[in-house]
Asks: 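This is the structure I have questions about; it appears just below.
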Amino acid sequence: MEFIDLRSDTVSHMTDNMKQAMLNAKVGDNVYNDDPTTIELENIAAEMTGKEAALYVPTGTFGNEASIIAHCNRGDEILVGDVSHIVAYETGGPAFLGGVLTKTLKTTNGLMDINDIKSSIRFSSDDIHFPTTKLICLENALVNGEAVPIQYMKDVWNLAKEKGLSVHLDGARLFNAATALNCDPKEITQYCDSVTFCLSKGLCCAMGSIVCGTAQFIKKLRLYRKMLGGGMRQTGYMAATGIVALKELVPELKNDHAMARLLASELSKIPNVVILNPKGNINLVFFQIKDEKLDCDSLVKFLLDQKIKISIKSKEDKIIRFVTHYWIREKEVEHIVSSFKKFLEKMN
Ligand SMILES: *Cc1c(COP(=O)(O)O)cnc(C)c1O
């Protein structure tokens, strides 16, 4: 039996169709922009998000950071939520790479307050002491496992446009969000100027993300991609897997979500287990074990012996995140839940 890996959806590995697509891929040199498979993938991505153009980049972090520096000049300010991936997990990139100031706004359930956004917008043309706010960064789906309602995105978009700002969407799990909201991804991305999404998470690719936006923006981004060392060559081999992902794996995401709900419901039946994101509607389950005796390290080891890999979010608070993906279906969920119960019974 292979390992059941619940640590992230980034661990999801390629399907056989993806491996076959790699073997048959027609390739060129993507730095010369003549890799036909990469161009095809970018065209499909632009079409799916309703944008003029798209660019294949190595990672989601790369896509977000390159987008931020393409939207802003040095000394400009971006508004971004305090628990967002851009602030929490991208190593201070905006400051380091672009000399961009990040104004982090307090969030409730992952969302910034519209009035806070409004009162934070400022322009050096109004007061010589101020930096200029250029960009609002949103996330959908959120890292807390919830898809953001389209109305919220629309409200932020309207405010941004009224003030002449741009909106970048960190849509690492954009297709999870669209699946959860039961809408076309375009309904979400109509409310952003640029969007990054990952092929390497629930979509099973080994690597790769895509940024979509206007043709002019993507042209600028291409320059930054080269500057940051992301100008790769025969990317068609990887892009071929991305095309399979967008055609065959996007429709599978609803099953990943169903498995997350099943896991949450089964875990919630176990005494002392509390689901922390009951409103979660994508593939993430956060839960806490309210048992003083529980030792997280022994739990990890016990589950590893049962061929299950997990990671602990907080050892002190005994908070765990389970992430479902293509390789976790009913049989795996059953094994996870029964192994989990076995450990807790043994402990008590
Ligand atoms: C995973 C993730 C990213 C970054 O993706 P990498 O490919 O790991 O760099 C960005 N934003 C969000 C919300 C993510 O979940």
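Numbering of ligands and ligand atoms starts at 1, following listing order. Just so you know, these numbers use all the heavy atoms, side chains as well, and skip hydrogens, waters and symmetry mates.
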Asks: Tell me whether the centres of the aromatic rings in F322 and F286 are closer together than 6.0 Å.
Replies: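 Not under 6.0 Å, so no.
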Asks: Should D9 and K201 count as an ion pair when the cut-off is N to O under 4.0 Å?
Replies: no
Asks: Any sub-3.5 Å donor-acceptor pair from D34's side-chain atoms to D29's backbone N or O?
Replies: yes
Asks: Whether the side chain of T37 engages the backbone of K26 through a donor-acceptor N/O pair (distance < 3.5 Å, no angle test) should be reported.
Replies: yes
Asks: Can you sort out which atoms of ligand 1 are near V143, meaning under 4.0 Å from one of its heavy atoms?
Replies: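 Listed by number with element, the hits are 13 (C).
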Asks: Within ligand 1, which atoms have a heavy atom of E90 less than 4.0 Å away?
Replies: 10 (C)
Asks: Just need the protein heavy atom nearest to atom 4 (C) of ligand 1, so name the residue and atom and give the distance.
Replies: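 The closest heavy atom on the protein side is H85 CE1, 3.4 Å.
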Asks: Using heavy-atom distances only, which candidate in L174, D170, L284 approaches atom 11 (N) of ligand 1 most closely?
Replies: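 Checking each option, the heavy atom nearest atom 11 (N) of ligand 1 is found in D170.
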Asks: Consider every N or O of A172 and every N or O of ligand 1, then say whether any pair is closer than 3.5 Å.
Replies: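 No, there is no polar N/O contact under 3.5 Å.
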Asks: Counting each atom of ligand 1 from 1 as listed, which ones have a heavy atom of E139 under 4.0 Å away?
Replies: 13 (C)
Asks: Any donor-acceptor pair under 3.5 Å linking the side chain of K318 with the backbone of L294?
Replies: yes
Asks: Within the 4.0 Å heavy-atom shell around C198, which atoms of ligand 1 are there?
Replies: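 Counting atoms of ligand 1 from 1, those under 4.0 Å from C198 are 5 (O), 7 (O).
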Asks: So, do F197 and F175 have ring centers that fall under 6.0 Å from each other?
Replies: yes
Asks: Write out the residue and atom name of the closest protein heavy atom to atom 9 (O) of ligand 1, then the distance separating them to 0.1 Å.
Replies: T61 OG1, 2.6 Å
Asks: Decide whether an N or O pair under 3.5 Å exists between K201 and ligand 1.
Replies: yes
Asks: Go through ligand 1 atom by atom and flag the ones less than 4.0 Å from a non-hydrogen atom of T59.
Replies: 7 (O), 9 (O)
Asks: Which atoms of ligand 1 sit under 4.0 Å from any heavy atom of R173?
Replies: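 With R173 as reference, the close atoms of ligand 1 come out as 15 (O).
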Asks: Just need the protein heavy atom nearest to atom 7 (O) of ligand 1, so name the residue and atom and give the distance.
Replies: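 Among all protein heavy atoms, the one nearest atom 7 (O) of ligand 1 is G60 N, 2.8 Å.
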Asks: Using the rule given for side-chain hydrogen bond (donor to acceptor under 3.5 Å, both in side chains), can you reason through N283 versus T324, listing the C-alpha separation, both sets of side-chain angles and the distance that settles it, and then say yes or no?
Replies: CA-CA 5 Å; N283 60 336; T324 57; 4.9 Å; no
Asks: Determine whether a donor-acceptor pair (N or O, by modelled atom type, separation under 3.5 Å) exists between the side chain of Y326 and the backbone of H13.
Replies: no
Asks: Would you mind telling me if ligand 1 is within reach of the side chain of T196, the backbone, both or neither, using heavy atoms under 4.0 Å?
Replies: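 For T196, no heavy atom sits under 4.0 Å from ligand 1.
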Asks: On a heavy-atom basis, which atom in N144 and which in G110 lie closest, and how many Å separate them?
Replies: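 Taking N144 first and G110 second, the nearest heavy atoms are ND2-N, 4.2 Å.
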